[in-house]
2 protein chains.
Amino acid sequence: MDRRASVPESNRRRPGGRSARVREAILRATLELLAERGFAGITLPAVARQASVNKTTVYRWWSAPLDLVQEALTDFEALALPDIDTGSWEGDVEAFVRARLRLIRDPMAAGILRAVIAMGGSDTTRGEWVDAFWKPRERKWRSPVERAIERGELAASAREVPLVELVAGPLLLSHLATERPLSRKEVSALVATIAAGVTALHGR
Amino acid sequence: MDRRASVPESNRRRPGGRSARVREAILRATLELLAERGFAGITLPAVARQASVNKTTVYRWWSAPLDLVQEALTDFEALALPDIDTGSWEGDVEAFVRARLRLIRDPMAAGILRAVIAMGGSDTTRGEWVDAFWKPRERKWRSPVERAIERGELAASAREVPLVELVAGPLLLSHLATERPLSRKEVSALVATIAAGVTALHGR
DNA sequence: CCATAAAAGCAACTTTAGGTTGCTTTTATG
DNA sequence: CATAAAAGCAACCTAAAGTTGCTTTTATGG
């Protein structure tokens, strides 16, 4: 049986010492290449070079670039969003924007997000996986709206507003696509506009 | 002197007939591969195959994938946005969203946008070029806000609102990144929220 | 309409880089 | 400290990018 591409850390036979170090180096190298060169930059020999590890070692445990990327991203916690609960939903929006800004300003995180975006599209296998990648990160952020509705700050109709997209989309466009980051003023205006719009239509 | 990668259509020595057909086929093939496989899919032999053209012909006129992509995108008019002027700025916002939706739903346009996003980042040469790619497409869409201010619909302070990002960002995120397109309802809510927010803060 | 030179096509070649294999050396672990 | 797991090494195969000299096709001007 081929044990490659299906061996989580815990199932490795010698998880202590060198093996662990080598594995870490390989997954870190994968993220570095992914951020710098995109998915196209991930070949097993390239990862081995970046990690200063012999390529046979990489081939022993992973069989394809996608496996490497998948495993590396699972381990990469920086892309996770913090829990946000400021007490008011406007505060939550502001906090979310700030958190997202910090994240997207980190070159490695930005590069990785770009790569993940590029990996979507026609190819079904990748597409499904990319979907699985985003889902948990989105779900985490429906709750503030729900809480606001429970608190009576917003009407139930607020659920129709695609808040995640409204808040994160502009940052994505300005930082990742056009690479003309929003100014301090524009960020403030962004938050204010969304807050005012939602309050005007769904506030109590 | 190397005449490759610096020969616009008009400077070719025999621009009629076959040469023109071959050039068109090559640039079309470039866009197809770019949309389907991303920038990584662009190699000169691959483009030649896709265009049903001999690879020596491609090598004769272009020296690198980036040259091909650059020239192909310059010729690709589908990514241009229509002029919008409905008379009211809310109407303009709605019209812009609809136009952008149509665009982003086209698989080829979506694939190309994804590829362009992925091409941004560290590498300075590419980064500059990607910037040049977006600029004309953005500028075209400051005018509706300006017109609204001139008409007296909005206060001058509305200029601070990053409207392009606010309107296009959510569509970008939902269609290109997460691939969970907004529903009809959500699109309406998006337009309504932005309109209400801007009106509340900057309306007259 | 035809002569001709530009440009496309073709085939054989070199080079580069991904991927494979058998073996040796290092080292975690009982 | 014995030993087996895992990393390293070197030589290899293969596929695809890139190159070259030449032949065939065809746009174009006289």
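All values below were derived from every heavy atom in this structure, side-chain atoms included, with hydrogens, water molecules and symmetry-related copies excluded. Chain letters run A, B, ... following the sequence lines, proteins first, then strands; residues in each count from 1.
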Counting just side-chain N and O atoms, does [X] come under 4.0 Å of either OP1 or OP2 of [N]?
X: Trp61(A); N: dA6(D); value: no
X: Arg21(A); N: dA28(C); value: yes
X: Ser19(A); N: dA7(D); value: yes
X: Arg60(B); N: dC10(C); value: no
X: Thr56(A); N: dG8(D); value: no

(request) Using distance alone, with no hydrogens and no angle criterion, decide if Asp92(B) and Ser88(B) have a side-chain donor and acceptor under 3.5 Å apart. (result) no
How many whole angstroms separate atom [atom1] of [X] from atom [atom2] of [N]?
X: Arg23(A); N: dG8(D); atom1: CZ; atom2: C1'; answer: 20 Å
X: Leu33(B); N: dA17(D); atom1: CG; atom2: P; answer: 11 Å
X: Leu44(A); N: dT14(D); atom1: CG; atom2: C1'; answer: 16 Å
X: Tyr59(B); N: dT14(C); atom1: OH; atom2: P; answer: 17 Å
X: Trp62(A); N: dT20(C); atom1: CH2; atom2: C1'; answer: 18 Å
X: Asn54(A); N: dA11(D); atom1: CG; atom2: C1'; answer: 13 Å

(message) Please determine whether a side-chain nitrogen of the Lys or Arg among Asp75(B) and Arg23(B) lies less than 4.0 Å from a carboxylate oxygen of the Asp or Glu.
(response) yes
(request) Determine, for Asp131(B) against Lys135(B), whether the closest basic-nitrogen to carboxylate-oxygen distance falls under 4.0 angstrom. (result) yes
Find the partner of [N]: check Watson-Crick (N1-N3 plus N6-O4 or O6-N4) and G-U wobble (N1-O2, O6-N3) distances, both under 3.5 Å, and reply none if neither fits.
N: dT25(C); result: dA6(D)
N: dG30(C); result: dC1(D)
N: dT15(C); result: dA16(D)

(request) Take Val53(B) and Arg49(A), find for each the nucleotide of DNA chain C with the closest heavy atom, and name the residue whose nucleotide sits nearer the 5' end. (result) Val53(B)
(request) Answer yes or no: is there a side-chain heavy-atom contact under 4.5 Å between Glu153(A) and Thr199(A)? (result) no
(message) Evaluate Trp62(B) against Glu71(B) for side-chain contact (heavy atoms from CB on, under 4.5 Å), listing each step before the verdict.
(response) CA-CA 10 Å; Trp62(B) 292 275; Glu71(B) 197 168 333; 2.8 Å; yes
(message) On the side chain of Lys55(A), is there an atom forming a donor-acceptor pair with the base of dG18(C) - under 3.5 Å, no angle test?
(response) no
(message) Let's see if you can work this out: which of dA17(D), dG18(C), dA7(D) has an atom nearest to the side-chain heavy atoms of Thr57(A)?
(response) dA7(D)
